[in-house]
Trainee: 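Take this structure, written in structure tokens, and hold onto it; I'll ask about it next.
What's counted below: heavy atoms across the whole structure, side chains too, no hydrogens, waters or symmetry copies. Below, chains carry the letters A, B, ... as their sequence lines are ordered, and counting in each starts from 1. Quick caveat, the model's predicted, so the values are computed rather than measured.
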Amino acid sequence: MSEQIIKRTKLEIAKSPEGLEGPGFFATKLEDVIGLARANSLWPLPFATSCCGIEFMATMASHYDLARFGMERLSFSPRQADLLMVMGTIAKKMGPTLRQVYEQMAEPRWVLSMGACASSGGIFDTYSVLQGIDRIIPVDVYIPGCPPRPEQVIEGILKIQELAKNESLRRRNSPEYQHLMTSYGME
Amino acid sequence: MTKEELLDTVNAKLHEHFHGSIESAELLYDYPVFTVNKEKIHEVLKFLKEDADLNFHFLTDLTGMQTADEKHLGAIYHLHNMQKNYRIRVKSFFPMSNPEIPTATDLWPSANWMERETFDFYGIKFMGHPNLKRILNVDEMDIFPLRKEYPLEDQTRQDKSDKMFGR
Amino acid sequence: METKHKKNRIRGDFPHEGVGTTPPANTIEKEYSTLNLGPTHPATHGIFQNVLKMDGEIIHDAVSTIGYIHRAFEKIAERRPYAQITTLTDRMNYCSSPINNLGWHMTVEKLIKAEIPKRADYMRVIIMELSRISDHIICNTIIGQDTGATTGFLYLFQWREKIYDIFEDICGARLTTNIGRIGGFDRDFPAHTWDKIRNFLKEYPKALVEFSNLLERNKIFMDRTIKCGPISAERALEYSFTGPNLRAAGVDYDVRVMNPYSSYQDFDFIVPVGTAGDTYDRFMVRQEEMWQSLKIIDQALKNMPDGATHANIPDFFLPPKEEVYNNMEALIYHFKIVMGETDVPKGEVYHCVEGGNGELGFYLISDGGRTPFRLHFRRPCFIYYQAYPEMIKGGMLSDAILTMSSMNVIAGELDA
């Protein structure tokens, strides 16, 4: 009866949140469960404008499959999206559109700025390019690169997932967050 | 025919019909280049398009430039005859104080957006254009950015120091 | 390809303005609705706006707005030394950046009258044809995806990763390659890269055949794409179409054949031509061009000449590092090239290459300084996109989406 059970799979069981376990029940914080659910089922809005969009397409394709991380369903409507991925150069002409898209998203929402152009204007230090989208919308994660490799994009997504998992339920109502929003002129 | 023969043929034909308006004709790196007076540019282009031998039916490119002395603007047309593979360039200059030139949209519909782009960048007004407004820049812009007097960078940015970037 | 299917009947016979039928009496007066196919739209691949005047599903008129990604390439180019402009050209048609890069290098070489050795020419041909294949993969699989066939996209994108692998071996980057140098290549391709290219030639045809079997003679796809967004050859020439869009309309104009560059005259390939200029023809022309590109790469590999991989132009081409450390002259050349202080002859030159979308032209005016005086890019997308409102007039909204994706409009090249 004391035979060793040899595990032949390399599967790792995902870590469950901390909680009280017993026969038939598992008690944990609501925050942890919601964070877990949110992080692993983000609905991204790919706001692809230029070259980074092609690298995103390569990341979504079968080689670097992004759907493994829960991003199977891309939402093109901001009202149904959680994560705004801004990929590519944002020109000043496009700025108001980006802002409108961001304002239409419902809380909780995260913003991922992919590529050098979206983070800071990139190599285009010109009169027509917005030098970084954080001039008009608050950004959570920046992925530098021109264009970033798919592995870097996946790392950025994982960081967003960390943020989503560990976010407090009250964060969006907190005074610091309200201050952030008013500093961008929203609400 | 060789490029020199093409230059001579086109030059001869143009002089036959528009003597006095052809300011120069030279061969630059394998392109015959003709500089034409602004008054006759439309007739010259029409002739080049409709002449049976020359038949430059395809407008490859239409763009603008500013001369080195920063006092003149120019419109540059690249024409192509695909059947015989003739390519030429036609230029026309005019002073910056009065940057007007007749449009080529009645000859080639593709000149429409190319002229809008040239207007957007240099402020060259194409007379007779159906819809001459900005195409690439924001509509409210009031300067013509590709002119040498305007800087490349956005002057309101605070985070990039010109000292560090050697400007 | 007339069928008795009901769908065709609705499409062909729906009475709308411009098809000489008088509406019967007691009809409600028709009002047009305006639909904004706005800059952010899932189906438009790139950001450009179309405001459509619709009569139900039929499009009556359209107005295009572009410029949402205008990055002022031409103004930037006036400030950058010649070697740095290559990085700008990358980002124009970013689906096939090596073609843009090599086109720019050839323009500068034309200006300085440099002679490029045959081996460098053949290596350039291989790179350009690989990037043409990768551009056409994107366009055709996206046409498939827009008609509802996502499988092609997932199958063929795997092969783009193999092309990216090859590019990464040669220049270090996948997408924005900045490949080669003015004068050729700095070194020969590594041995394993030649193997990768040969392997690609062997394995990719199988995947392309699979993709062809999915879509080319598929009844649903053909019904969807035939007669969708047509343009006649005369109209296409008037709108200065070039590239696969023009060839689909029936005109066999290919810059590689008409004005050969980089030793293309040594290669034997067919230029595929369509008849109707509709979406199906554009799809098929691009499919066939991929096969022809494979043929060209095969010929290049078989006939690869030996020799130097770059021209002897010490003013523009970085000398080998051993010489830089030991030889004063080489050190000075290295310094001048890296700092961008090399002077070029005065003059103006126009050079065009066959890009993924058509004749990509570079009009360079040099005044002898370290940066160009004027650089203009003749971007094929910008020029043929003007015809889009005309192509979709009278068709349905979903056909408009399909026409746009079959024209392969790339926003970076549109706005530059």
Trainee: Heavy-atom pairs under 4.5 Å with chain A are the metric here; pick the option from C:I410, C:L154, C:L175 that has the most.
Mentor: C:L175
Trainee: Between C:T65 and chain A, with a heavy-atom cut-off of 4.5 Å, which part of the residue counts as in contact: side chain, backbone, both or neither?
Mentor: side chain
Trainee: Most heavy-atom pairs under 4.5 angstrom with chain C, which of A:P78, A:G53, A:G95, A:P150?
Mentor: A:P150
Trainee: At a 4.5 Å cut-off on heavy atoms, which part of C:Y164 comes close to chain A: side chain, backbone, both, or neither?
Mentor: side chain
Trainee: Could you pull out the closest heavy-atom pair between A:K92 and A:Y127, with the gap in Å?
Mentor: NZ-O, 3.0 Å
Trainee: Would you kindly say whether A:D134 and A:Y142 are connected by a side-chain donor-acceptor distance under 3.5 Å?
Mentor: yes
Trainee: Tell me, for C:Q84 versus chain A, whether the close heavy atoms (under 4.5 Å) come from the side chain, the backbone, both or neither.
Mentor: neither
Trainee: Check each atom of C:A411 against the heavy atoms of chain A and say whether the ones under 4.5 Å are side chain, backbone, both or neither.
Mentor: side chain
Trainee: Heavy-atom distances under 4.5 Å only: say whether C:I76 touches chain A with side chain, backbone, both or neither.
Mentor: side chain
Trainee: What's the separation between atom CD in A:Q80 and atom CE in A:M105, rounded to the nearest 0.5 Å?
Mentor: 11.5 Å
Trainee: Hey, what's the ring geometry for C:F377 with C:F73, parallel, tilted or perpendicular (30° and 60° as the breaks)?
Mentor: perpendicular
Trainee: Between A:S62 and chain C, with a heavy-atom cut-off of 4.5 Å, which part of the residue counts as in contact: side chain, backbone, both or neither?
Mentor: both
Trainee: Specify which of A:T89, A:I90, A:L74, A:L130 makes the most heavy-atom pairs with chain C at under 4.5 Å.
Mentor: A:T89
Trainee: Tell me, for A:T126 versus chain C, whether the close heavy atoms (under 4.5 Å) come from the side chain, the backbone, both or neither.
Mentor: side chain
Trainee: Would you call C:R71 and C:D415 a salt bridge, taking side-chain N to carboxylate O under 4.0 Å as the test?
Mentor: no
Trainee: Given C:N101, which partner from the list C:T86, C:D90, C:T176, C:T87 fulfils the side chain to side chain donor-acceptor pair (under 3.5 Å) test?
Mentor: C:D90
Trainee: For C:F153 and C:F157, take the angle between the two ring planes, folded into 0 to 90°, and tell me which bin it lands in: parallel under 30, tilted 30 to 60, perpendicular over 60.
Mentor: tilted
Trainee: Is C:L414 in contact with chain A via its backbone, its side chain, both, or neither, using a 4.5 Å heavy-atom distance?
Mentor: neither
Trainee: Give a yes or no on whether a salt bridge exists between C:R286 and C:E289, defined as a side-chain N under 4.0 angstrom from a carboxylate O.
Mentor: no
Trainee: Go through the atoms of C:Y68 and report whether side chain, backbone, both or neither lie under 4.5 Å from a heavy atom of chain A.
Mentor: both
